[in-house]
Amino acid sequence: MDAYSYQPKLLAGLTKQVLEQHMRQRWLSWVLAHPWQVLLSTALLVILMSAGISKLAFRGDFRIFFSAENPQLQAFEQMQDEFNKTDNILIGVAPAEGTVFSADMLTLLKQLTDAAWQTPYSIRVDSVTNFQHTEADADDLLVEDLLLDVSQLNTDKIAKIERIALSEPALVNRLISTDGRVAAINITVQLPEQDKNKEVFDAYEYARQLTLQFKQQYPQTEFHLAGVIAMNHALAYEAEHDARTLIPFMFLAIVLMLALLLRSVSGAAATIVIIAITITSTLGLAGWAGIFLSTATVNVPTILMTLAVADCVHIIASMQFALSQGEQKSAAIQYSMQRNLVPVFITSSTTAIGFLTLNFSEVPILADLGNMSAVGVMLACLFSLVVLPALLQLLPLKAGKQQQQKDSLMDALAGFIIRRHNLLLPAMLILMLGFSALIPLNKINDEAVKYFAPETQFRQSMDFLDQHLSASASVDFALHSGESSGVNQPEFIAAVEQFSNWLKQQPDVIHVNTVSDTFKRLNQNMHGDDPAYYKLPAQQDEAAQYLLMYEMSLPYGLDLNNQLNLDKSATRITASLKNMGSKEITQFEQSALAYLANHYPQYQASAASTALMFGYIGERNMASMLKTLPLALVLISLLLIFSLRSWRMGLISLLPNIAPAAIGFGIWGWYSGEINLGLSVVASLSLGIIVDDTVHFLAKYQHARQEGRDAEAAVRYAFNSVGRALWITTAVLVIGFSVLMLSSFRLNSDMGLLTAIIILTALVIDFLFLPAFLLKFDTKDSKRHA
Amino acid sequence: MRNYLLTPLLLISLGLAWQPFSLAADEAKGLQIAKERKSRDIGWGDSESQTTMVLRNAAGDESRREMRTAALEVQGDGDKGLTIFDEPRDVRGTAFLNHSHPTAEDDQWLYLPAVKRVKRIASRNKSGPFMGSEFAYEDLSSFEIEKYRFNYLQDEPCGDSNCFVLEQIPADEFSGYSKSIAWLSQQHYQPVKVEYYDRKNTLLKTLTLQDYRQYLDKYWRPHKLSMVNHQTGKSTDLLIHKIEFNTGRTAADFDTNALQRVR
């Protein structure tokens with residue numbers, strides 16, 4: 001018996017509707033009679049589709065995770081429009097020992113700051129050395145870089161710089177650590193956004209070269225690159241890195257698997273051709289469609305290799321079986337195609353449906369991943385059914401050696417289950433419920449920085465800087481006074497100060513950048529540096545004129561545009577936060593906005609930041625994916641009911657189709673408990689893949705029952721006919737998705753791991769639970785559900 | 001065959017050899033044009049004007065400021081300027097006095113009516129924005145030969161007439177620019193357009209000067225100056241409503257004592 005196929009009769013209903021048996025026969029004969037025509041016309045089509053690859057480019061930009069309608073993105077863009085942009089590169093500088101307050105280190109900081117102005121697209125550079133220090137000198141207001149000239153550096157000057165820097169609220173924890181051991185230079189860049197990838201690369205690369213140069217001069221000093229630009233760069237870099245490493249690795253794994261499974265050079269070569277044209281056509285179509293490569297879509301080749309190999313292995317294995325039975329090659333191919341046409345089409349369709357549900361994701365790149373994979377799966381189906389037979393017809397082929405009439409292992413397993421099904425059923429149910437009960441251990445968490453594996457350079461830099469400064473998370477608050485020049489009103493500044501104080505009291509807040517601190521400093525300066533005047537100016541005109549004076553004293557790029565809007569009706573207050581989860585950061589935002597609404601309802605307030613965007617996207621995405629999951633389930637179940645031509649079998653299939661994801665997420669809750677964007681799509685994605693096992697098993701079982709056998713015999717028949725094929729495909733799929741675990745981008749590695757877990761679980765359920773369930777409950781006379 | 005190869009090579013090497021000379025010629029011509037510009041603008045004495053400043057951000061929001069300015073020509077040194085702010089209301093009466101110097105730092109004082117005090121600003125702010133606008137101090141200060149090294153680039157048609165295109169490289173290390181390119185009208189030797197390049201030598205801003213009118217049958221003054229920042233998308237317009245010359249102002253009106261009396 002062929003190891004893997006539906007009984008054609010069984011699916012005749014669907015088959016008759018889709019393709020007349022007779023038509024199929026003629027079409028197959030034509031393909032086999034004209035293999036060259038088929039290959040040449042396919043080649044032409046593939047070339048046309050693949051030409052789109054030239055339009056593909058990697059895109060590194062955290063905005064790829066957000067659709068244009070995303071409310072947090074809109075709030076973020078609005079705040080960037082009103083105040084200056086906040087895209088930045090943060091260069092962390094840490095001497096091997098001691099603080100940065102030495103002549104040597106201060107010189108380094110000053111030189112690095114000056115050089116940083118040369119960063120492409122930079123509009124502003126902030127550091128300890130160019131901090132605009134204000135000082136009263138009789139009736140003069142001295143406004144000057146904290147360190148203007150390194151030749152001034154002597155013990156007194158260094159001590160003065162240290163004293164000022166470590167007591168300046170605008171600097172401490174932002175550009176200098178409280179202990180003075182780590183300093184940072186913040187480069188604000190404004191990308192023209194003509195060719196954003198190149199711009200990000202240019203800016204980042206400049207900063208990187210800069211740190212390398214300084215590292216040569218100061219080998220004992222550590223340099224770190226962080227900030228939004230570094231993250232954008234890392235996103236593109238890791239995607240390219242995955243493409244360079246995972247895809248070849250996957251290819252190697254495929255070749256090995258083919259060698260093991262097919263033991264035929266021709267068969268393996270044909271499979272590789274199918275995989276190659278599937279991938280290039282899919283990528284090409286993506287290019288034509290204007291889809292770019294990202295950390296998500298870079299997985300598509302790996303996923304397609306996995307799924308396409310399964311199709312081909314079935315077709316070739318069936319053919320080898322026929323050859324071993326002494327059939328001629330053409331006849332063997334015909335035999336195989338007859339048996340596999342419908343199953344390959346159905347399994348590809350369910351998989352494509354699973355992937356297509358990713359369109360309901362809030363994250364555009366996940367929708368891209370879904371669409372590309374869905375198209376790719378259907379292309380793989382088409383190529384396996386049209387090109388593969390033509391290729392096989394042309395290639396020299398021998399019968400496979402591994403085919404066996406009966407698999408003793410599978411027979412033993414069937415026997416075991418039949419004997420123990422009374423015990424297995426409750427045991428499996430308890431296990432399923434037990435693991436599913438662990439699902440609540442999962443928490444949605446999306447922190448962009450944590451998407452990167454701890455080994456990646458970006459993550460290490462961020463982690464280092466987070467330990468000493470606040471680098472990764474911040475929330476910007478805009479407070480609108482409602483009128484022009486309103487920021488100078490004493491009651492408004494008081495509100496800003498009160499709010500800033502409230503922020504500073506929050507346990508997770510490390511630093512608050514607020515204009516109220518500037519007002520207090522200026523008031524003190526205007527009163528001969530008398531500390532008693534370190535308080536807010538009492539009158540609006542006083543505040544306005546101090547501010548005007550200060551603004552008129554600032555050099556290029558160091559103005560207050562990043563804190564005050566154009567007509568000074570609003571101010572931006574930035575709270576830098578400890579590394580915190582997405583739940584905590586959204587809670588922090590909400591309590592801050594609630595504080596403002598309670599205490600200052602007269603002022604309009606808003607909050608925005610990249611961390612907030614990621615904080616909300618997980619929940620939003622999960623909500624929309626959970627809504628589509630039932631839809632996917634219904635669609636796929638309908639397809640199964642239709643193809644099995646039995647409501648009863650369709651309904652029975654529900655449990656083994658739902659359970660693997662439930663168990664998988666339960667295991668995940670116990671293993672990690674963190675659900676990120678990558679994992680939120682796993683349930684619907686894996687559903688389309690795991691139904692295949694169920695449907696194959698049930699089809700065989702049903703066939704046997706319809707032939708009049710009892711449940712026991714039908715289970716045994718199902719195991720013998722598809723058991724081996726099921727574990728082989730599962731092995732291929734598990735290996736394929738496990739390759740994604742090698743990605744240093746957690747969205748990919750987590751997705752690969754959980755999908756592999758779920759696919760493996762599905763096999764266990766189909767082998768241990770489904771037959772036990774059938775043996776227990778499907779005991780009636782077989783005729784009744786024929 | 002050899003000739004085909006040789007001739008271009010010869011031409012290239014000749015070109016290379018000539019370049020230093022042509023550059024020197026450009027510098028000389030640049031300086032000469034700049035001197036002509038300065039000399040055509042000598043002797044105007046003093047002036048007063050009213051100005052509206054319109055600030056715009058990338059989103060197109062607008063904010064207006066009103067001010068009066070007085071200027072005094074100083075022979076042998078930079079000019080003196082006095083700016084009195086009328087709007088926004090909370091800085092009304094604030095007066096800014098500037099004594100510019102061709103090479104040294106400018107002297108600057110601010111009179112703050114809220115505290116009735118004159119404060120001297122000691123800073124290296126010439127690259128900084130004037131009143132939060134896209135104009136830096138150095139864009140508004142008087143034109144002095146000593147502030148730049150000039151380089152004549154070419155002639156170019158501009159509007160109705162022809163322009164000299166001049167590269168100006170600032171002499172002061174605290175300038176915010178690596179260079180600026182000015183289009184000087186051949187009609188009146190005043191700039192009609194200036195492109196400013198930041199310290200990393202990328203185009204930062206473009207200033208267009210429009211609506212030139214002639215005063216005292218000699219001196220040309222623009223009445224609309226538009227500065228567009230290409231990097232941030234922000235822009236500032238300076239609209240000069242009226243200019244009066246020979247108002248009778250003297251140096252005494254431009255010292256710190258006078259500052260406290262301005263209204």
Side-chain angles (χ1 to χ4, degrees), chain A residues 78 80-85 114 117-123 132 134-145 148 189-190 192 206 484-485 488-489 525-527 537 539-561 564-569, chain B residues 55-65 83 85 87-94 96 98 108-115 117-133 136-138 174-178 198-202 204 229-234 236 256:
Chain A
Q78 206 183 335
Q80 299 252 313
D81 275 348
E82 187 161 17
F83 303 92
N84 269 6
K85 293 253 179 192
D114 288 349
W117 281 103
Q118 295 292 319
T119 309
Y121 317 113
S122 62
I123 56 169
Q132 292 300 298
T134 51
E135 208 175 286
D137 180 10
D139 256 349
D140 294 1
L141 178 73
L142 187 72
V143 182
E144 199 174 70
D145 286 14
L148 186 68
V189 299
Q190 176 127 23
Y206 179 85
S484 211
S485 301
N488 297 322
Q489 291 168 348
N525 295 146
M526 296 305 282
H527 293 89
Q539 301 295 327
Q540 170 162 1
D541 54 355
E542 217 182 311
Q545 290 165 29
Y546 294 170
L547 199 64
L548 176 72
M549 175 155 188
Y550 180 55
E551 275 196 287
M552 293 188 59
S553 311
L554 297 173
Y556 169 73
L558 297 176
D559 49 49
L560 293 174
N561 288 339
L564 301 174
N565 69 350
L566 195 68
D567 64 350
K568 296 194 170 55
S569 62
Chain B
L55 281 66
R56 274 183 215 93
N57 65 14
D61 303 327
E62 272 190 18
S63 175
R64 298 173 87 84
R65 293 166 199 192
T83 305
F85 302 117
E87 291 287 336
R89 197 135 24 110
D90 53 15
V91 295
R92 177 175 291 174
T94 306
F96 174 69
N98 184 61
Q108 299 173 331
W109 298 266
L110 200 63
Y111 171 69
L112 306 180
V115 287
R117 294 253 288 281
V118 174
K119 284 272 175 185
R120 198 171 82 89
I121 302 176
S123 84
R124 283 169 182 78
N125 61 356
K126 67 155 49 181
S127 62
F130 178 74
M131 267 197 106
S133 73
Y137 286 100
E138 57 186 315
F174 292 107
S175 166
Y177 310 123
S178 58
D198 65 15
R199 296 299 293 261
K200 58 183 184 293
N201 215 9
T202 47
L204 174 65
N229 186 320
H230 302 290
Q231 294 179 6
T232 61
K234 294 185 192 173
T236 301
T256 52

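The structure displayed is predicted, hence computed values, not measured ones.
Residue A:Pro537: no heavy atom, backbone or side chain, is found under 4.5 Å from chain B. With a 4.5 angstrom heavy-atom cutoff, B:Arg117 touches chain A only via side-chain atoms. Looking at B:Thr94, the atoms closer than 4.5 Å to chain A (heavy atoms on both sides) all sit in the side chain, from C-beta outward. If you measure heavy-atom distances from B:Leu110 to chain A, the contacts under 4.5 Å come from the side chain alone. At a 4.5 Å heavy-atom cutoff, the contact between A:Leu148 and chain B is made by side-chain atoms alone. Only the side chain of B:Arg65 has a heavy atom closer than 4.5 Å to any heavy atom of chain A. For A:Glu542, the parts lying near chain B are the backbone and the side chain together; criterion is any non-hydrogen pair under 4.5 Å. Neither the backbone nor the side chain of B:Asn201 comes within contact range of chain A; no heavy atoms are under 4.5 Å apart. Proximity to chain B involves both the backbone and the side chain of A:Ser122, based on heavy atoms less than 4.5 angstrom apart.
Side chain of B:Ser127 to main chain of B:Gly176: no donor-acceptor pair is present (N/O by atom type, distance under 3.5 Å, no hydrogens or angles).
Distance check: B:Thr256 OG1 to B:Lys119 NZ gives 13.5 Å after rounding to the nearest 0.5 Å. Rounding to the nearest 0.5 angstrom, the gap separating the CG atom in A:Asn565 from the CG atom in B:Leu55 is 11.0 Å.
Taking B:Ala58, B:Pro113, B:Gly233, B:Gly132 one by one and counting their heavy-atom pairs under 4.5 Å with chain A, the maximum is reached by B:Pro113. In terms of heavy-atom pairs under 4.5 Å with chain B, the best-connected choice from A:Glu551, A:Met549, A:Gln78, A:Lys568 is A:Met549. Options A:Thr134, A:Thr119, A:Leu560 differ in how many heavy-atom pairs under 4.5 Å they form with chain B, and the most are formed by A:Thr119. In terms of heavy-atom pairs under 4.5 Å with chain A, the best-connected choice from B:Arg92, B:Lys200, B:Lys234, B:Glu62 is B:Lys200.
A heavy-atom distance below 4.5 Å is found between the side chains of B:Glu138 and B:Tyr177. Residues B:Thr232 and A:Asn561 are not in side-chain contact: their nearest non-hydrogen atoms beyond the backbone lie 4.5 Å or more apart. At a threshold of 4.5 Å between non-hydrogen side-chain atoms, the residues B:Phe85 and A:Leu548 count as touching. Put simply, the side chain of B:Val115 reaches to within 4.5 Å of the side chain of A:Tyr546, judged on heavy atoms.
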Requested in this report: I would like to know whether A:Gln132 and A:Asp145 meet side chain to side chain donor-acceptor pair (under 3.5 Å); could you show each step before the answer?
Outcome: CA-CA 5 Å; A:Gln132 292 300 298; A:Asp145 286 14; 2.6 Å; yes
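Legend: residues meeting side-chain contact (heavy atoms from CB on, under 4.5 Å) with A:Gln540, ordered by chain and number and at least two apart, are A:Ser485, A:Asn488, A:Gln489, A:Pro490, B:Asp90.
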